[in-house]
Structures are given as structure tokens and as C-alpha cells.
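Here is the naming used below: chain letters follow the sequence lines, and residue numbers restart at 1 for every chain.
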Amino acid sequence: MIASVIVDVASKQTNKAFDYLVPAPFIPTVKPGMRVIVPFGPRKVQGFVLAVKGDTDVDTSKLKAVEDLVDVKPALTGELLQLAEWLTNKALCLQVIALKSMLPAAMRASYNKRISLAEGVNEQDLSEELKTFFHKNGSVMWDEVKKKSETLLGAVQKEIKSGRLFVEPVVKSNETKKKTNVVQRVLSTAEANEHAEALEKKAPKQSEVLRFMEEEPIAVARLLEKTNVSSGTVKSLVSKGFLTQFEVEEYRDPYEGRDFGVSKALPLMDQQKTALEAITSTVKEDRHETFLVHGITGSGKTEVYLQAIDYALKKGREAIVLVPEISLTPQMVHRFKERFGSEVAVLHSALSKGEKYDEWRKIRDKEVTVAVGARSAIFAPFENLGMIIIDEEHESSYKQEEAPRYHARDVAIERGKTYGCPVILGSATPSMESFARAKKGVYNLITMDRRVNDVKLPHVDIVDMRDELKSGNRSMFSVKLLDAMKDRLEKQEQIVLFLNRRGYSTFVLCRDCGYVAECPHCDISLTYHRSNQTCQCHYCGYQVTKPNRCPECESDHIRFFGSGTQKVEEELKKVLPEAKVIRMDVDTTRRKGSHEKLLTAFEKGGGDILLGTQMIAKGLDFPNITLVGVLTADTMLHIPDFRASEKTFQLLTQVSGRAGRHKKPGEVVVQSYTPEHFSIQLVKEHDYLSFFNREMYFRKQGEYPPYFFVTLINVSATELTKVVSVTGKIADYLRSSLSETTIIHGPATSAIPRIKDRYRYQCMIKYKNEPRIIHVLQEILKTYQAEMSRTDLAINIDTNPYMLM
DNA sequence: AGCACGCCGACT
DNA sequence: GTCGGCGTGCTC
């Protein structure tokens, strides 16, 4: 038997299946989708079995055998293997990359080399520096040596040449399973009592344990906690043979010990009912259809999702729910856990690698029927999918910005087609692409424009910050916002302040000579961080201590302009000293669980003002928030991206939605320097449709999606001349091989011309109908393949870019 | 990707 | 005459 294997070597030249003999003992077990260890050239690598077959086209004398199986059950289902192939094509990526992206990080192999003493060689025979370096078993790992020093590595390499040491490649997967120590009584109850009595005097603690133990095994940790004895006590009982001790494997439960309660289906309003019926009818008929649920904030979309899922589950099928990374706050998880209890697996970035792996295994082992998670959860290995839901469909976090550059929405629809199940896209502010498709009838549009209990939409005020400046208010808070904040503090209601920028100030400028502090590795200005007195690059992480004098002209008129969250926090302390402020941005939420901790603190009344970036725009649903302030609405509007207006409108609408979601009416104050812009004005009217129509006009004018497809080719290298010439040649080739109606922009420098010392150029292709495009792009990659492996030239192609910089 | 093979320059 | 530079090609 022969296995067709994709090896874990990310290179164009190895981007094909290699055939291996399957040794007899593996024959009954090997299945497509399993991971195996195979010899590849001089080393060993992990690989994915694509197919198992009887014969091969390869010269059989060249065939090697599968070395080992990594999985007992296939890691990927047949459907996922097919999906990987589709993804490879769609995203123009290597097959292994597509395959690996479908698995949790813990299942991706890491490679190392073991260095051992050759036979008959003693540690003392080695050169001086290596004499004390080996472990007791006479070996040491390559990485350990490398970490220590380069010279040591050199010494090792010399000894390898001399034959006193030898190396062997090691493939390691990171699948650690959680194991718990348990003990079990080996005595009958009568015997146990007997021994307990005998021990009563001499060893009262042991006696106590014996009496406490039931028939079933118990975790040692739990036993110690319950009986308040020491581990020594348990140990002596084990050595006496009264208890046996062993390890059991279990799933790590990230939500262990938490009580989610139970929720029942809520009564639905008419609009919700209509939506639910439309969705369930497709489930009933096993029909694929994509729904776009355009529901304003508070219209009860989540309840519709929950009941739709319930319907699919009752039909014996499974469901995937995607939520944007950031809104995987406990609130969303709670709602699913309350409704579906232990049927839910949660996959999001705040979980540890091991926890994610365990949640994933629950899906593979069919122990759950619902997967709730961020982007990559779209690859949940279900085999009987009945529904896929993408909440906040417009969110850009559904687009992966590294290979494979896929959009979860496209993958969802692809899987929906294979399973004949509906895909539900939900949003209060759908993406232009989705809404346009819904209007064209490609998707089924469901509108939910009524709020549950008819809670009013918040009142939105737009403040022109230019007027504030004219009337002498130079602070970052308009009179209106400040008054509103004071009012809420008095009423003990909560405030959310939104600012799209972390750090302290946006740039550092010398007032005398105009010097601006820039990153030496990226063409971008540095951000001042007050907390540690540094200037940081938000692209590469470069840091320098803040200059006291201008490095150019020695002047001490160095000033910090623009404001980030840190600065706002400081200003708030000045103008509202009595307010308790909780700041939330990447800097305060870096540690695991801190996101949740800060939110809980705020919810419990531990703060009056929640100040934050992007991450507070979604998912917050606290009844006491009655004021939302947006400090600078236009920051997003001026980025060089055709989605700038769309992003601004979505974000402002999203943030506004945080206010007055319950009984108390909400108010929103939006500060702006360009308040006349339609994407800001229409937030005030809560008018998505007008926004859509206006924006569509501009998209048509600019020949952008959804009218045109866009593909972006990014070229980068450390040598500028090379980048320019390669990009130029690519543009020429595109112009000569694509149709007349296709528009090609570039070569042009990227919006950030240099990152981490690499120059960046790009070419943009805009087309309506270009059946050959994938082929043409593949040709480009093929042409530069050799040069890319030889030099540091990199060409990245994104067939649906969300980041144009 | 990694590693071997192979063909030209500065060294014991 | 050899050691070692990295260009080229292969891995079932």
C-alpha cells in the first residue's frame, strides 16, 4: 500500500504529493487526513496523508516507507482535505500552509536535532567547552546548544565532523494532554473500614483518608483539598497497597468551575420569527443559501442565531458560530453556554495552546455539536454541518492577513455548499460587498430594524472640533462632551470613551527645526509612551528612550503631538479628578485574561469611565452605560484605503451601539474635524441605507469593490533597486497579459515604504471579468520562485486585500 | 526549507 | 595542490 503525502516543507519546489510505502503494521490504520512522520531527503518531517492507494507512478526503487503515524484518528476529514485544495487555489498558497492552518497550533510540528555521543566516545574525549554539556543520557538538543552560544555550536559541528558526535533529526508535536494524578481504593468497603480502624491510633490521617474514599477514583489534588491531609499521607497508603495511583488523561476546560446557568428560548418578535423561519426552512430542506441578516444593534440577532442552531441540532446536525476575535468576551460565550451547555466548544485566542487543542479534540471526537470561535474556527472538523453563522460579518478580523490569505466568509460559503446548509451573515452595518450581493439577490436579505422592547436608538451629537478651537477650547474634550460626562458622574452612570490610538502621542516633533522622530527600520513616525518614557514603533516594536533635546538641532523645544489613550487618561485625571478611569488597549490587555478582568471590574462598578481603542467597540453590553464619547472620529477616515469611509461608519455605529441598550436612554457624542463627511453625518441618523448608497457611488467612481475585484501584489526586499525593478517587470507582465478593461495601478511605493528595513512596492489589479487571473498570478510566482528562495526578495499576493498598506 | 554536489578563488 | 565560497538541484 502506498500513501500520498504532503510534506511539511514550505517551499514551491516541494509543493506536491510524495509517495511512501506503508509498512504492514500501519496498513489497517492509515487514513487520508492523518499526519505521519516520513523520511524526506536526509531528514524526517511531518506530513499529511492525502490519499491511500495501491500503486504509484514513481520509480518504486525510490520509494521510502512511512516512519510513523502521528494520529490515531485522522486530523482532517475528507471534506477538509478537499477544502484545503480549494483554499490553496483561491489564496495562491502552498498546500501545506493550507492544511496546517486548519489545525490548532498545538498540532503543528516543530523540528529539532538530537546530538549524541558516538559509540565508545566519552564526554571527556570532547573538546574542553563541551565536556560538561551533555545530559545524563549522553545527548543534548541542537536548540539548547544554539541558545547558549554560537561558538559552542561551532565546537559541536567540529565534533560531528570528527565523528565523535552524531546528529539525528527529531520531529516533535506539541500535543500535550492534560494528565491528572488520581488514586483509587483497591480494598472493599469492609476491608477499608477494617484498616481504617487499625490505623486510627497510629496514623489518624491515613485512617481518615480511607474512610473518606469511595469506590471511584479521585484526583489527588481534590482529595488533599477535601480531607486536609498532606500528600505524604496519601503516598504511604499507596505504598501499603491500599490505594493505587495512576494518571488519567482529560480535557482542559477553560471554563472549569464556572456556572453558566441555563437559558431557554426567548419569545420572538415578528421580525425575529420571520428571520428564523426563513433560515430553518433551508435546514429542513438541506439547502444551501446565504442569508444576510441586517439587524440594527439590539434587534435580537443573537436570539435568532440561538434558536436557528437549536433547530439544526435537533435535526442531528452541527453548527459553527464565528464571532470577531475581540468580542469573544465572556458575554457571548455565556449566551451559548447557557443555551447549549456542554455541547459547546469555544475556540479563541485568549485560550492557551493546550486549551485550544482540547476544545478542538472535543469537536473531532464528536463530543460537542457547536463550535463558537474566531476566524480559524471556520475549519472546525465537523462532518455533519447544519449551519454556519458569522456574526458582525463586516469585521475585518475575518480576513487572514498572512498565508493562507482567506476570508472566513468565503470559506463558510464553500463549506455551506458542500454540506447543503445555510450560511448566516449578521451585522448592523454589513460590508459593502455583502449588502450589494444581498441587493442583487445572490444572498437572501433579512432586515431587522426594530429593537427588542422598542428601546430607542441613542441620540447622537456631532461636535465640530474646529468650532471648539475657535471658541478657545484647546482641550481634547468638547464642552458638550465634558458637560455630559460630568452629568453621568453625578448620576452614577457609566461612560465609554473611544479613541483609535494607543500610546501617549502620535508623533514627536521639534518646534525649531521640524524634526520628527521616526523609526530607523520603518518609514513611520514613533509614538511616545509615557509609562516607560520611550518612543516606540508600532510596526516593528523598536524602542528608544524619549529624547530631551532635538537630535538634529539640539533644541529643547521637543513636543509631543496628537493624543493616544495614555494621554487621554492623564487629561481625564486633570478635568475629572474624581472619576475612576479604566484604560483598555493592547498595552493594558497584553496578559492573558486581563481583557476579561478589566471588563468585569468596569461592570461591577469599579470604574466610571472605560477608555479604550478598537477593542471596546464591540460586545460590551452593560445596562449602566448611558454615554459614549468618540474623541476623534476622523482618524480612520484619512488612511489611504478605499474602505476608509466604510470602516469609519461601521466603527462609529458600533461604538454608538454601546450606549443605552437597556432601560436608560443613551447618548453619543462624536467629536470630529470633518463633521460634514457623510460617513460621520449618517451615523447621527442611524441610516445605513443612505450610507450604503452614497458609498456605492464612490466605489463605482473609484472602480473598487463591490464593482471591481481587487488583487494586490506586494514586493519587498532590503535592496530598493531590486524591489523597483521586480515590481516594474510584474506590472509590465500584467499589462501585457490581462484584458483591456482591467486596470493596473503601479508600480508604486506602499503607504509605509519601509518596514523592518525592507523596502515595499506594490501593484494593484482591478478587474471585472478576468478568468485567467489566477493563472497569471501563478506565472508571476513561478517566475520569481528561484530568486525568492535565493535572495530576500518576497512577493505577496492577496486576491482580496483588506489591508492596503 | 535543508542539504549535497559541484565548480572557481586564497591559503597551509 | 586543498579548504571553502555559494550557485544548482533534489527530496517519494
*Asks:* Could you check whether A:Lys113 gets within reach of a base, just the sugar-phosphate, or nothing at all, counting any heavy atom under 4.0 Å?
*Replies:*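 Answer is sugar-phosphate: A:Lys113 comes under 4.0 Å of backbone atoms only.
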*Asks:* What are the 5'-most and 3'-most nucleotides of DNA chain C lying under 4.0 Å from any heavy atom of chain A?
*Replies:*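 Endpoints of the contacted stretch of DNA chain C: C:dC10 to C:dC12.
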*Asks:* Do the side chains of A:Val171 and A:Val45 get nearer than 4.5 Å, heavy atoms only?
*Replies:*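 Contact flag for A:Val45/A:Val171 side chains = no.
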*Asks:* Does A:Ala748 offer a backbone N or O that forms a donor-acceptor pair with the side chain of A:Gln762 under 3.5 Å?
*Replies:*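 Absent.
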*Asks:* Check every nucleotide of DNA chain B for an atom under 4.0 Å from a heavy-atom of chain A, then give the first and the last such nucleotide from 5' to 3'.
*Replies:*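 So the contact region on DNA chain B extends B:dA1 to B:dC3.
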*Asks:* Between A:Arg643 and A:Glu433 (salt bridge meaning N to carboxylate O under 4.0 Å), is one present in this structure?
*Replies:*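 Salt bridge: yes.
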*Asks:* Tell me, with the steps shown, if A:Arg415 and A:Glu79 meet salt bridge (charged side-chain N to carboxylate O under 4.0 Å, His left out).
*Replies:* CA-CA 9 Å; A:Arg415 290 194 85 181; A:Glu79 180 245 343; 2.8 Å; yes
*Asks:* Using a 6.0 Å distance limit plus a 45 degree cone around the ring axis, check whether A:Arg361 lies over the aromatic ring of A:Tyr357.
*Replies:*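 Yes; both conditions hold, so A:Arg361 lies above the ring face of A:Tyr357.
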*Asks:* So what does A:Tyr20 touch, heavy atoms closer than 4.0 Å: a base, only the sugar-phosphate, or nothing?
*Replies:*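 Answer is sugar-phosphate: A:Tyr20 comes under 4.0 Å of backbone atoms only.
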*Asks:* Measure from NZ or CZ of A:Arg409 to the centre of the six-membered ring of A:Tyr398 and say whether it is under 6.0 Å with the direction within 45° of the ring axis.
*Replies:*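 That pair does not qualify as a cation-pi contact.
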*Asks:* Can we call the ring centroids of A:Tyr406 and A:Phe379 under 6.0 Å apart?
*Replies:*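 Yes, ring centres under 6.0 Å apart.
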*Asks:* So, A:Asp365 and A:Lys73, do they make that salt bridge, N to O below 4.0 Å?
*Replies:*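 Yes.
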